[in-house]
Protein chains: 2
Amino acid sequence: MKTLTKRQEEILNLIKSHISDFGFPPTRADIARTLGFKSPNAAEQHLRAIEKKGFISILSGASRGIVLSNAQNDEIPVIGLVAAGGPILAEENVEKTIPRSKNLLSSEIDFYLRVKGDSMVDVGIFEEDLIGVSKKTNPKTGSIVVARINNEVTVKTLIELNQSKVVLRPENQNYSDIEINPSVDELVIEGSCVALIRESI
Amino acid sequence: MKTLTKRQEEILNLIKSHISDFGFPPTRADIARTLGFKSPNAAEQHLRAIEKKGFISILSGASRGIVLSNAQNDEIPVIGLVAAGGPILAEENVEKTIPRSKNLLSSEIDFYLRVKGDSMVDVGIFEEDLIGVSKKTNPKTGSIVVARINNEVTVKTLIELNQSKVVLRPENQNYSDIEINPSVDELVIEGSCVALIRESI
DNA sequence: CAATATACTGTATATAATTACAGTAATAAT
DNA sequence: ATTATTACTGTAATTATATACAGTATATTG
């Protein structure tokens with residue numbers, strides 16, 4: 001997707017906030033009024049440019065017919081079973097999506113991962129729970145991370161992180177620490193856990 | 001709030017599904033077309049009736065200016081500290097609200113309750129977690145319930161439920177079962193836990 | 001029994017809104 | 001150097017939309 005100019009982004013934000021304020025998109029005249037344009041055609045042409053770049057689509061003939069593209073809806077993917085090889089966010093891994101909402105959870109969640117197994121029960125993470133994962137938050141020792149060891153995805157507490165040695169701890173007395181030598185086994189830290197959803201109790 | 005007639009409810013649902021499908025409300029003509037009215041005025045008059053009953057408001061002069069009333073937005077309240085006396089859902093107890101979304105959690109959640117204390121850690125319910133509570137689901141023994149004992153709100157597993165004796169179990173080895181005689185202590189089962197959200201890990 | 005609410009048809013009109021056409025001017029890309 | 005993009009003004013026409021007015025008919029309420 002191409003990038004918007006400053007002005008185009010301003011208009012896209014105006015559309016979003018109008019929808020959030022009123023429940024429906026603005027008209028060309030609304031946009032012109034808000035930004036001080038003397039002609040509604042200025043808004044029209046901006047909208048066409050934003051549409052061309054794929055951020056919105058415009059339903060012809062319909063008043064207020066501005067539809068935000070899916071990428072604008074900002075839905076968070078839920079990752080179920082991760083297929084071996086390929087990126088974790090690949091489409092075939094996406095079980096469903098959940099809308100990002102202002103008052104729910106931190107805004108930094110990049111995806112949810114459905115937990116398999118009972119290796120983290122001692123910190124209250126159960127099988128089938130959805131953990132909210134942030135890719136940005138750089139993993140610190142002591143934090144719960146999503147790691148990929150030789151294409152196997154796992155959730156563990158990060159205990160030690162060096163170039164020669166990585167230690168991951170299951171939070172369950174029945175399991176013992178996992179020691180990895182990154183030069184032998186392929187290891188990727190996909191992100192840190194920042195939230196949790198249990199859909200049924 | 002007054003109750004809608006069958007037809008009015010049909011129209012309100014049409015409005016909601018139009019918003020969900022297109023991102024903006026329908027016009028009078030849209031409504032008339034969908035329901036087979038031969039006059040847009042039929043839609044207009046239904047809208048006025050629905051507005052009068054408080055379910056929507058109509059912005060005059062604006063196209064598609066149908067705004068769902070707050071009650072229609074279907075936000076789930078988050079209950080923080082519960083003030084002694086009065087209903088649990090009283091406004092002063094509401095910390096914030098969370099939009100109900102199709103793909104997230106069961107639709108039967110009536111409110112979220114912020115957990116205080118560590119009495120349920122063994123079933124993965126931690127302090128500050130939000131538990132989704134359903135009032136409808138009638139409490140069975142073995143299920144986790146929100147109970148009110150003499151105006152104190154607590155989350156426990158329901159073990160026994162008779163007219164003469166109620167047993168609530170904390171899921172934490174450090175605590176012991178609570179036995180209540182409903183003829184001595186005031187007891188209200190507010191609902192059952194059906195979901196959980198942990199906003200920070 | 002009259003008044004009010006429900007549930008429409010049918011017509012009409014003012015205004016809201018999209019959208020085309022004709023320009024101007026500065027900047028970025030090929 | 002020319003073309004495309006960005007960022008607008010200004011005008012105007014067509015269509016989309018809200019909304020008023022005049023009816024008809026049935027059901028419900030006071």
Side-chain angles (χ1 to χ4, degrees), chain A residues 1-69 72, chain B residues 1-69 72:
Chain A
M1 188 116 52
K2 289 175 185 174
T3 51
L4 294 181
T5 67
K6 213 172 172 181
R7 201 55 161 162
Q8 288 164 357
E9 207 167 317
E10 208 173 333
I11 285 164
L12 185 58
N13 287 334
L14 193 158
I15 295 168
K16 288 181 191 174
S17 83
H18 192 284
I19 291 173
S20 142
D21 289 351
F22 297 95
F24 45 81
T27 65
R28 276 66 163 168
D30 289 336
I31 296 170
R33 204 176 313 116
T34 310
L35 293 179
F37 302 158
K38 293 183 181 166
S39 164
N41 193 41
E44 172 74 18
Q45 284 176 53
H46 277 302
L47 291 177
R48 293 294 160 191
I50 297 169
E51 185 186 36
K52 214 171 165 185
K53 289 181 175 177
F55 289 79
I56 60 170
S57 54
I58 299 172
L59 305 186
S60 102
S63 71
R64 305 180 189 274
I66 302 170
V67 180
L68 297 175
S69 302
Q72 300 304 302
Chain B
M1 190 117 51
K2 289 177 185 174
T3 51
L4 295 180
T5 67
K6 214 171 171 183
R7 201 53 159 166
Q8 287 165 358
E9 207 167 318
E10 209 173 335
I11 285 163
L12 185 58
N13 286 334
L14 193 157
I15 295 167
K16 288 181 192 174
S17 83
H18 193 285
I19 291 173
S20 143
D21 289 351
F22 297 96
F24 46 81
T27 65
R28 277 61 164 170
D30 288 336
I31 296 171
R33 203 177 313 116
T34 311
L35 294 179
F37 302 158
K38 292 183 181 165
S39 165
N41 192 42
E44 172 73 19
Q45 285 177 50
H46 277 302
L47 291 177
R48 294 292 160 193
I50 297 169
E51 184 186 37
K52 212 171 167 185
K53 289 182 177 176
F55 290 79
I56 59 171
S57 55
I58 299 172
L59 306 186
S60 101
S63 71
R64 305 179 188 276
I66 302 169
V67 181
L68 297 175
S69 302
Q72 298 307 301

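Within every chain, numbering begins at 1; the chains are lettered A, B, ... in the order of the sequence lines, protein sequences first and strands thereafter.
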Can any side-chain N or O of A:Arg28 pair as donor or acceptor with the backbone N or O of A:Ala43 at less than 3.5 Å?
no

Does the side chain of A:Thr34 come within less than 4.5 Å of A:Pro26's, by heavy atoms?
no

Base, sugar-phosphate or nothing for A:Gln8? Non-hydrogen atoms, less than 4.0 Å.
sugar-phosphate

Less than 4.5 Å apart, side chain to side chain, heavy atoms only: is that true for A:Ile31 and A:His46?
no

Which two nucleotides bound the region of DNA chain D that has atoms under 4.0 Å from heavy atoms of chain B, read 5' to 3'?
D:dT17 to D:dA22

B:Arg48: what forms a side chain to side chain donor-acceptor pair (under 3.5 Å) with it, not counting sequence neighbours?
B:Glu44, B:Glu51

Contact check, residues 32-40 of chain B vs DNA chain D, heavy-atom distance under 4.0 Å, returns B:Pro40

Stepwise salt bridge (charged side-chain N to carboxylate O under 4.0 Å, His left out) test for A:Lys6 and A:Glu9
CA-CA 5 Å; A:Lys6 213 172 172 181; A:Glu9 207 167 317; over 6 Å; no

Residues which pass side chain to side chain donor-acceptor pair (under 3.5 Å) with A:Asn41, listed by chain and number, not counting sequence neighbours
none

In this structure, CD1 of B:Ile56 is separated from CD1 of B:Ile15 (nearest 0.5 Å) by 5.0 Å

When you match B:Gly61 and B:Arg7 each to their closest nucleotide on DNA chain C, which lands nearer the 5' end?
B:Arg7

Write down the distance between CD1 (B:Ile11) and P (C:dT6), rounded to a whole number of angstrom.
12 Å

Let me know the distance between CD of B:Glu9 and P of C:dA7, rounded to the nearest Å.
11 Å

Give the minimum heavy-atom separation between B:Ser57 and B:Ser69, together with the two atoms involved.
N-OG, 4.3 Å

Measure CD/B:Glu10 against C1'/C:dA7 and give the value in whole Å, please.
12 Å

Interatomic distance where CG belongs to B:Asn41 and C1' belongs to C:dG10 [whole Å]:
9 Å

What is the distance from CD1 of A:Ile66 to P of C:dT19, rounded to the nearest Å?
10 Å

Determine the contact category for B:Arg28: base if any of its heavy atoms lies under 4.0 Å from a base atom, sugar-phosphate if only primed atoms, P, OP1 or OP2 are that close, otherwise nothing.
base

Over how many whole Å does the gap from A:Asp30 atom CG to C:dA16 atom P extend?
11 Å

Nearest-Å distance, NZ (A:Lys6) to P (C:dA28)?
14 Å

note: B:Leu59, atom CG; C:dA17, atom P; distance rounded to Å ~ 11 Å

A:Leu12 side chain reached by A:Leu68 side chain, heavy atoms, under 4.5 Å
yes

Within the structure shown, what part of the strands sits under 4.0 Å from A:Ala29 by heavy-atom distance: base, sugar-phosphate, or nothing?
nothing

Side-chain donor/acceptor of A:Asp30 to backbone N/O of A:Thr27, under 3.5 Å:
yes

Need the bend value for the helix from C:dC1-D:dG30 to C:dT30-D:dA1: angle between end axes, 5 pairs each end, nearest 10°.
40°

Checking A:Lys38 now: which residues fulfil side chain to side chain donor-acceptor pair (under 3.5 Å) with it, not counting sequence neighbours?
none

For the student: nearest non-hydrogen atoms of A:Phe24 and A:His18, plus distance
O-ND1, 2.7 Å

